[in-house]
Structure formats: C-alpha cells, structure tokens
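First listed ligand is number 1; within each ligand, the first listed atom is number 1.
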Amino acid sequence: MILINSKLPTIGTTIFTVMSKLAQEHNAINLSQGFPDYEADPKLVEAVAQAMKTGNNQYAPMPGHQQLRELIAEKTERFYHTKYNPDTEITITAGGTQAIFTAITAFINAGDEVIVFEPAYDCYAPAIKLLGGLVKPFELQAPDYKIDWEMVKKLFTANTKMIIINSPHNPTGSIFGKDDIEALIKITKNTDVMILSDEVYEHIIFDGSQHHSIALYPELAERSFIIASFGKLLHTTGWKLGYCLAPSKLMSEFRKVHQFNVFSVNTPMQVGIANYLKTTDVYKKLPIFFQEKRDHFRRLLSETKFELLPCRGSYFQCVSYKNISNEKDVDFAQNLIKKLGVASIPVSAFYTKNIDHKILRFCFAKEKSTLEKAVEKLMKL
Ligand code: GLN
C-alpha cells in the first residue's frame, strides 16, 4: 500500500451529493440539492442539438465561443451599464464552480488569507486550502445574516488577499443592499484586496429588489471577478456552463490557469446557447418565474410548524425547526428523509465549525406539484 498524504484531510463528500443520494435511496422528494425538476425551454435544447448536427463539435476557442462572449458583453452593459471586452475580459467556463476555482488558483498563494462569509457555498474553502491559503471565516447570524462591515475590517491583515461575496446568497436567500456595497468600497479602498463576487443567482431576486452587481461599481469592478452560471439562468444545471467577468489585467492571469485546467469548454452548448439567446430574452422573466414559486412555497410552509426565514433572492428557502425538535440539524434532516420522505440541506454544512442553528434549506426550483407534495408530508411534523 502506498502512503497517502491527503491535501484535504478534513473534507468529505459534499453535502449535496450525500443528501441527494439519501433522498434517492429512500425515494424521498428531493428539495436538497439545488436543481430544477422541470425541463429547460425545448427551443434551447433544439438549438444545442442543431449546433451538434451542424458540425460544432471540435474545440471552442480557449476563452469561449466568440458570439456567446459578445452576447454576454451586451447583456452586462444592458443590466449593469459597464462594458466588458469580450476579447479580453470575458471567459466561458465549465460552470460557476470552475470559474471560482480558476480565479482562486490564479491568485492565492500559500499563506494568503481569504475572507469568506459563512454560511458559505461549499466550493470556496477547499480551493483556498488546496493552494495553501487560509480561510478566514466571518460568521453571520440568522435570521437576516447581515454583515457587520466594521467587524469585517478587523479581519484584515497584511496577508488578506481576497474577499468572497455571494449575493443573492446560497443558502440563506439574503441579498446585498447599497449599504453593503458602500461599506465594501470603503474597506477595500487603498488596498490590494481582490473580490470574488459569486453572482450565479443575479436574476433570482424578489419583491422588485435590484441586484447590486459588482459590475455596477467601477471602484469594486477593477479588483473583482464576477461569476455567473448558465445552469441558473437557463434551468440547465447539468450542462455545467458558466462564465467569468474581470478587467483584462485580472482576466489574463485567470486565462493562464483556465487554458491548462480545461483549455476550453464544450462547443455545441456554447453555440446553441448563443443562438438561443439571440432570439430569447431569458433574464427579465426569471425574477417573476421564481417569485411565484417562492410565494407559493412560503404560503404552503406557513401552515407547518417551521418558522420561515426571509428569502429575498436565490432559489432557497431556509426554515428554523427549533419549535419542533432539539436534534442536530444533520440528524433532523436525515430523519426527515427517512421518516417523512422529504430531503433538505442542514445549514451547519455551510459553516467551517458546523455551527448548528437548527435551520434547514429547501430548494424551491421545483414544479408546483412537487412543492405541494413535499409540504403535505411536512405537515405531519
Ligand atoms: N448549487 C447547488 C446547491 O447549492 C448544488 C451544486 C452541487 O451539487 N455541487 O444545492
């Protein structure tokens, strides 16, 4: 036997895989992992099929299909009034995850510190650790998960290299306000701290709120990577396609890694998505589409013993079960699958220290009937 010295000794299998597998084994309704249970627009599927049939089956250009990058530039300017140059400032990636990994890899060295707000999406910390970087968690509290920026400033040291932000936020559904942006501008001013802004839920935002993309703020955009995912925009999480925006100085370093990590990402989907986006405005419909689901799900849940937390964006609804049980959230979530047949994610999984506030996350990117069936079961609690 060879001796293995794990680079990630404390990391197990992601909670999404664990809970989805358990859901499958128990034939439970899966509101755990975030993915739609309905189909994407058939016109989109047809556009990708056409792209394959018409010979778009070899390597795409390293930064991505030209036309798709141009459409992203146009869309970014339309929504956020900023020009990103498709040749030098936009790269198509294998999902948001690869974009995040690549941005971190391009800049984080051993000993560099990265501030991560927790609860946090689970792919940030392992990437930082693999590079010898240090995760500096900043713990947020339910129900609002508001950031105290004065306290964040206190985490800054000479080694602080990056801050990772995520609005709309997975798992809590919180969103950044103008005050957060102003504070972020203030604390990063006259520093070399970079920002990785995970904006994969940029169009899943409710009650008429505006998404404060980092792209809107030149003082922040000049030091930032912005991450987007076609999985969320087109209801196609399994296609694993996304993109990254960054000023050319940052993007050229990003591409040095990207070209040897994946080189380029799959061609027919890029071509198909580009052809589809030329004729279909997908973005405007998204907030309404998901708000209807959120409102319906919240109405249904209000009849249960769960306490609902606010949900201002993303397709996740968090609930407190402290009026129902004292069990640890991981145990409670597992029992919910085994005894009631509904799968969720225990929010302690998003904290380095597995802090347990007795909160579960449900994904509502599901058919109305799926949500109704799930809540019918949850009523038994
Ligand atoms: N982003 C999805 C979630 O939060 C899952 C992604 C994954 O399974 N890695 O549920």
**Request:** Please confirm whether Gln33 comes within less than 3.5 Å of ligand 1 when only nitrogen or oxygen atoms on both sides are compared.
**Result:**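 Yes, there is a polar N/O contact under 3.5 Å.
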**Message:** Quick check: Ser32 and ligand 1, any N/O pair under 3.5 Å apart?
**Reply:**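 N/O-N/O distance below 3.5 Å does not exist for this pair.
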**Complete:** A student checking ligand 1 against Lys232 at a 4.0 Å heavy-atom cut-off should list atoms 1 (N)
**Item:** Proximal ligand 1 atoms for Gly34, defined as those under 4.0 Å from one of its heavy atoms
**Value:** 2 (C), 3 (C), 10 (O)
**Asked** At a 4.0 Å cut-off, with the gap strictly under it, does some heavy atom of Phe35 reach an atom of ligand 1?
**Response**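 No.
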**Any Thr14 heavy atom less than 4.0 Å from ligand 1** = no
**Asked** Sub-3.5 Å donor-acceptor pair from the side chain of Lys161 to the main-chain atoms of Phe107, do we have one?
**Response** yes
**Prompt:** Can you tell me if Asn30 uses its side chain to pair, donor with acceptor, with the backbone of Ser32 under 3.5 Å?
**Reply:**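 Present.
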**Asked** Is it the side chain, the backbone, both or neither of Asn170 that has a heavy atom closer than 4.0 Å to ligand 1?
**Response** side chain
**Message:** The criterion is side-chain hydrogen bond (donor to acceptor under 3.5 Å, both in side chains); which residues satisfy it with Glu253, sequence neighbours excluded?
**Reply:** Lys256
**Asked** Can you tell me which residue and heavy atom of the protein come closest to atom 6 (C) of ligand 1, and the distance to 0.1 Å?
**Response**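 Protein heavy atom with the smallest distance to atom 6 (C) of ligand 1: Tyr121 OH, 3.2 Å.
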**Item:** Nearest neighbour in protein (non-hydrogen) for atom 7 (C) of ligand 1
**Value:**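 Atom 7 (C) of ligand 1 sits closest to the protein heavy atom Phe16 CD1, 3.7 Å.
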**Request:** Kindly indicate whether a cation-pi arrangement holds for Lys75 with Tyr283, taking the cut-offs as under 6.0 Å to the six-membered ring centre and within 45° of the axis.
**Result:** yes
**Prompt:** Is there a side-chain contact between Leu196 and Ile165 (heavy atoms, below 4.5 Å)?
**Reply:** no
**Request:** Tell me yes or no: between the side chains of Gln58 and Thr267, is some donor less than 3.5 Å from an acceptor?
**Result:** no
**Prompt:** Picking from Glu70, Glu74, Glu77, what satisfies salt bridge (charged side-chain N to carboxylate O under 4.0 Å, His left out) with Lys83?
**Reply:** Glu77
